[in-house]
Amino acid sequence: MASGTSRDVIRRGLWVLGRAIREQPRIFAVAVAGSVLFGGLVIASAYVVGAVVGDVVVPAVEAGEVGTGTVALAAVALFGISVLRVVGIFGRRLGAGYMQFRLQAAYRRRVTRRYLDLPLAWHHRNATGTLLSNANSDVEAAWYPIAPLPFAVGTLVMLVGAVGSLFVTDWALALVGLAVFPALFALNVVYSRRMAPRQARAQRLRAEVSGIAHESFDGALVVKTMGREAQETARFAGRARELRDSLIAVGRLRGVFDPLLETLPSLGTLAVLVVGTVRLRQGAITVTELVSVAFLFTVLAFPVRAIGWVLAELPRSVAGWDRVSRVLDATGEMPYGEVTLDDAAGPATLAFDGVHFGYEPAEAHLPGTSVLGEVAFTVPAGRTVALVGPTGAGKSTIASLAVRLVDPDDGTVTLDGVDVRRLTAASLASTAALVAQVPFVFDDTVRANISLDRPGIDDEDVWAALRLAEADGFVAALPDGLDTMVGERGTSLSGGQRQRLTLARALAGRPRLLVLDDATSAVDPRVEAAILAGLRAPAPGQPAAASILVVAYRRATIALADEVIYLEQGRVLARGTHAELLATVPGYVDLVTAYEQAEQERAENRTYDEVAPLPTGLEIEVDR
């Protein structure tokens with residue numbers, strides 16, 4: 001790395017430290033005060049030791065006797081200074097630790113909050129392992145130098161005081177100090193410059209190792225069923241070896257510079273003794289002064305290292321901060337409006353008007369992917385509309401647009417005539433609910449998975465939602481009922497049970513629009529029909545509680561819809577009842593027939609809701 005770049009790393013690293021100080025000024029002041037107290041007492045202890053040797057030990061040796069009062073006074077002085085030094089160390093370490101951990105916690109929250117604010121398109125361009133690294137190791141790296149920072153600041157104050165005391169004592173000894181201290185700083189700067197590229201590469205490799213590990217664990221089912229265990233192990237091992245070699249390079253550089261940084265103060269002490277002996281013979285200084293200066297150089301060796309620790313960690317801090325700030329500075333969040341819908345107004349009306357949408361490329365130089373073009377349809381209040389189309393037709397994208405996981409590139413999506421971009425986050429969440437293709441279940445109880453700690457949802461509401469989702473039977477049969485822990489991603493449940501649990505979660509919030517993205521594919525068709533019938537009319541003679549937009553494949557499900565929207569290549573090709581489309585749209589007939597044949601084959605080979613739970617980590621690509 002060029003020296004200019006290295007200087008830039010140091011400058012930017014100091015800026016990061018300055019930001020930390022601006023964010024936690026009071027805690028930093030406490031830590032620095034403790035460090036300054038410690039530094040001042042280090043200088044004081046050197047002169048106390050010198051006084052004890054010159055005024056107590058030497059006279060006692062010459063006289064052949066020791067004055068008890070003098071020794072007691074010296075002991076009290078040394079003990080008092082030691083106690084005060086302990087106070088300084090306590091204040092410094094407590095303040096530095098509190099400041100470091102507080103910053104790390106604050107920035108983890110900021111990064112996580114930013115993840116939730118950024119749209120799905122941004123997440124599609126960033127690997128999950130990298131995002132985990134941003135919120136964990138990168139945040140830690142950014143604020144790692146905070147621990148030695150107060151010590152380093154106190155050391156600077158101590159060095160100024162030490163050099164001043166040297167000039168007061170003797171100009172020749174002061175020149176030795178002026179030679180040693182700048183040499184220490186220069187050595188630390190060289191160390192930092194050489195360490196910068198190594199630390200940056202190590203931090204990048206940490207994220208890559210994390211990303212590969214996450215992919216392998218999350219895709220465990222694919223890895224095992226495809227027999228790719230050896231290849232995945234080799235892929236992970238290769239990147240782990242690179243990280244190992246990078247960290248060894250960091251350690252090797254430390255192995256070279258650490259002895260030099262330890263040796264230089266010792267050489268300074270030796271030079272002080274040589275020069276001091278000459279000055280002592282000349283009568284320019286006393287034994288007390290020589291011992292004080294020599295002891296001062298000895299005790300300064302460790303505090304001066306604190307400056308080196310800060311400088312050595314600046315490259316890692318800058319690398320971590322760059323990765324964290326990339327998240328914090330990312331653009332594309334979807335701001336909410338200020339309009340609120342009436343939650344008691346009954347089923348909502350969903351309308352798409354001239355909607356176009358395309359996914360941004362993973363890399364800037366690649367073209368984007370157009371998914372939807374001129375999509376227009378309406379889900380009337382209290383009605384059920386089915387989306388049918390081949391893979392890649394844009395059905396899941398429409399589902400995401402309906403609940404505003406993404407915004408259209410052109411056109412509008414409205415709820416009760418209001419553009420969803422004008423709604424508040426709370427109003428949108430209470431009005432529309434999405435049950436996705438892949439059910440996600442938290443490693444918690446059944447009750448917690450359904451209520452999500454949302455206000456106003458009690459056990460009665462939970463059981464009502466479970467009944468509507470045809471899930472109350474199997475939940476009641478669980479060992480602890482609502483208090484049953486379901487395991488990570490619901491591993492103790494079958495696929496159909498997980499789907500019904502996530503459906504109950506959506507229903508517990510009493511949404512006015514329910515969007516089902518193939519959300520009952522693992523459920524027995526008879527159970528699915530009962531669920532949809534219950535959603536259409538929760539009680540005899542009662543109107544539907546919610547409008548329903550359902551991505552459907554089964555003929556029985558499609559037939560329950562009031563209207564069917566047939567999509568191909570992101571465009572609406574036909575609409576009407578199931579019977580009307582069967583009579584007029586050949587592509588629709590072929591697709592529904594193919595789905596029905598596949599369903600029959602699957603029914604012959606498996607029993608719904610009785611299959612063993614799938615291993616943790618199964619990921620299914622969303623049909624766009």
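In this text the structure is predicted, and so the values were computed from the model without any measurement.
For the pair Arg92 and Phe38, the distance from NZ or CZ to the six-membered ring centre is under 6.0 Å and the angle to the ring normal is within 45 degrees. Judged by a 6.0 Å distance limit and a 45° cone about the ring axis, Arg404 is positioned over the six-membered ring of Tyr336.
Minimum heavy-atom separation, Ile450 to Ala508: CG2-CB, 3.8 Å. Shown here for Pro148 and Pro145, the closest heavy-atom pair between the two residues is CD-O, 3.0 Å. Here the closest heavy-atom approach between residue Ser317 and residue Ala142 is recorded as OG-O, 2.7 Å.
Annotation: side chain to side chain contact (heavy atoms under 4.5 Å, CB included) contacts of Ala20 (sequence neighbours excluded): Met99, Leu103, Trp143, Ile146. Under the rule for a salt bridge (Lys or Arg N to Asp or Glu O under 4.0 Å), Asp444 has no partner lying at least two apart in sequence or in another chain. Remark: Ser430 pairs with Asp343 by the side chain to side chain donor-acceptor pair (under 3.5 Å) rule, at least two apart or across chains. Contacts of Asp443 classified as salt bridge (Lys or Arg N to Asp or Glu O under 4.0 Å), with partners at least two apart in sequence or in another chain: none. Annotation: ring pair (Phe, Tyr, Trp, His ring centres under 6.0 Å) contacts of Phe440 (sequence neighbours excluded): Phe442.
The 12-atom threshold is not exceeded at OH of Tyr144, counting heavy atoms of other residues, nucleotides or ligands nearer than 6.0 Å. Annotation for Gln282: atom CD counts as buried by contact number, over 12 foreign heavy atoms lying within 6.0 Å. The environment of Tyr115 atom OH is dense: over 12 non-hydrogen atoms of other residues, nucleotides or ligands sit within 6.0 angstrom. Annotation for Arg26: atom CZ does not count as buried by contact number, only 12 or fewer foreign heavy atoms lying within 6.0 Å.
Here the side chain of Arg110 pairs no donor or acceptor atom with the backbone of Leu328 at under 3.5 angstrom. At least one donor-acceptor pair closer than 3.5 Å links the side chain of Arg454 to the backbone N or O of Ser451. Using modelled atom types, one side-chain atom of Thr424 and one backbone atom of Ser427 make a donor-acceptor pair closer than 3.5 Å. Formation of a donor-acceptor pair under 3.5 Å by the Thr112 side chain with backbone atoms of Arg109 is not found in this model. At distances below 3.5 Å, not a single donor-acceptor pair connects side-chain atoms of Ser35 with backbone N or O atoms of Ala31.
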Evaluate Leu247 against Arg244 for side chain to side chain contact (heavy atoms under 4.5 Å, CB included), listing each step before the verdict. CA-CA 5 Å; Leu247 294 175; Arg244 177 202 63 191; 6.0 Å; no

Could you check Arg108 against Asn136 for side chain to side chain contact (heavy atoms under 4.5 Å, CB included), going step by step and ending with a plain yes or no? CA-CA 7 Å; Arg108 283 194 179 99; Asn136 187 26; 3.4 Å; yes

Trace of the side chain to side chain contact (heavy atoms under 4.5 Å, CB included) decision for Val310 with Leu17: CA-CA 10 Å; Val310 173; Leu17 296 182; 3.8 Å; yes

Evaluation steps, side chain to side chain contact (heavy atoms under 4.5 Å, CB included), between Val139 and Asn134: CA-CA 6 Å; Val139 170; Asn134 291 152; over 6 Å; no

Check the pair Asp245 / Arg241 against salt bridge (Lys or Arg N to Asp or Glu O under 4.0 Å), numbers first and verdict last. CA-CA 6 Å; Asp245 295 341; Arg241 280 193 296 269; over 6 Å; no

For Tyr107 and Glu23: C-alpha separation, side-chain torsions, deciding distance, then whether side-chain hydrogen bond (donor to acceptor under 3.5 Å, both in side chains) applies. CA-CA 11 Å; Tyr107 273 81; Glu23 292 199 17; 2.4 Å; yes

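The one candidate from Leu84, Ile89, Val87 that meets the side-chain contact (heavy atoms from CB on, under 4.5 Å) condition with Leu41 is Leu84.
Expressed to the nearest 0.5 Å, how far CG of Leu280 lies from CG of Leu273 amounts to 11.0 Å. Taken from CG in Asn449 to CG in Leu482, the straight-line distance is 11.0 Å, to the nearest 0.5 Å. With rounding to the nearest 0.5 Å, the separation of CZ in Arg323 from CG in Leu131 is 10.0 Å. A distance of 8.0 Å separates CZ in Phe151 from CZ in Arg93, rounded to the nearest 0.5 Å. Annotation: the span from Asp453 atom CG to Arg447 atom CZ amounts to 11.0 Å, rounded to 0.5 Å. Taking CD of Gln24 as the start and CZ of Arg102 as the end, the distance is 5.0 Å to the nearest 0.5 Å.
Looking at Glu242 and Arg235, no side-chain N of the basic residue comes within less than 4.0 Å of a carboxylate O on the acidic one, giving no salt bridge. Remark: Arg326 does not engage Asp329 in a salt bridge, criterion side-chain N to carboxylate O under 4.0 Å.
Counting heavy atoms from C-beta outward, Asp480 and Val446 have side chains that stay 4.5 Å or more apart. Residues Leu428 and Val403 have side chains not in contact (no heavy-atom distance under 4.5 Å, counting atoms from C-beta outward). Between Leu149 and Phe28 there is a side-chain heavy-atom pair separated by less than 4.5 Å. Between Tyr98 and Val30 there is no side-chain heavy-atom pair separated by less than 4.5 Å. Side-chain contact check for Thr445 versus Thr484: every heavy-atom pair is 4.5 Å or farther apart.
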Can you give me every donor-acceptor pair (side chain of residues 170-179, partner residue at least two apart or in another chain, under 3.5 Å) with its distance?
unit_1, atom_1, unit_2, atom_2, d
Asp170, OD1, Arg279, NE, 3.3
Asp170, OD1, Arg279, NH2, 2.8
Asp170, OD2, Ala172, N, 3.1
Asp170, OD2, Leu173, N, 3.3
Asp170, OD2, Arg279, NE, 3.2

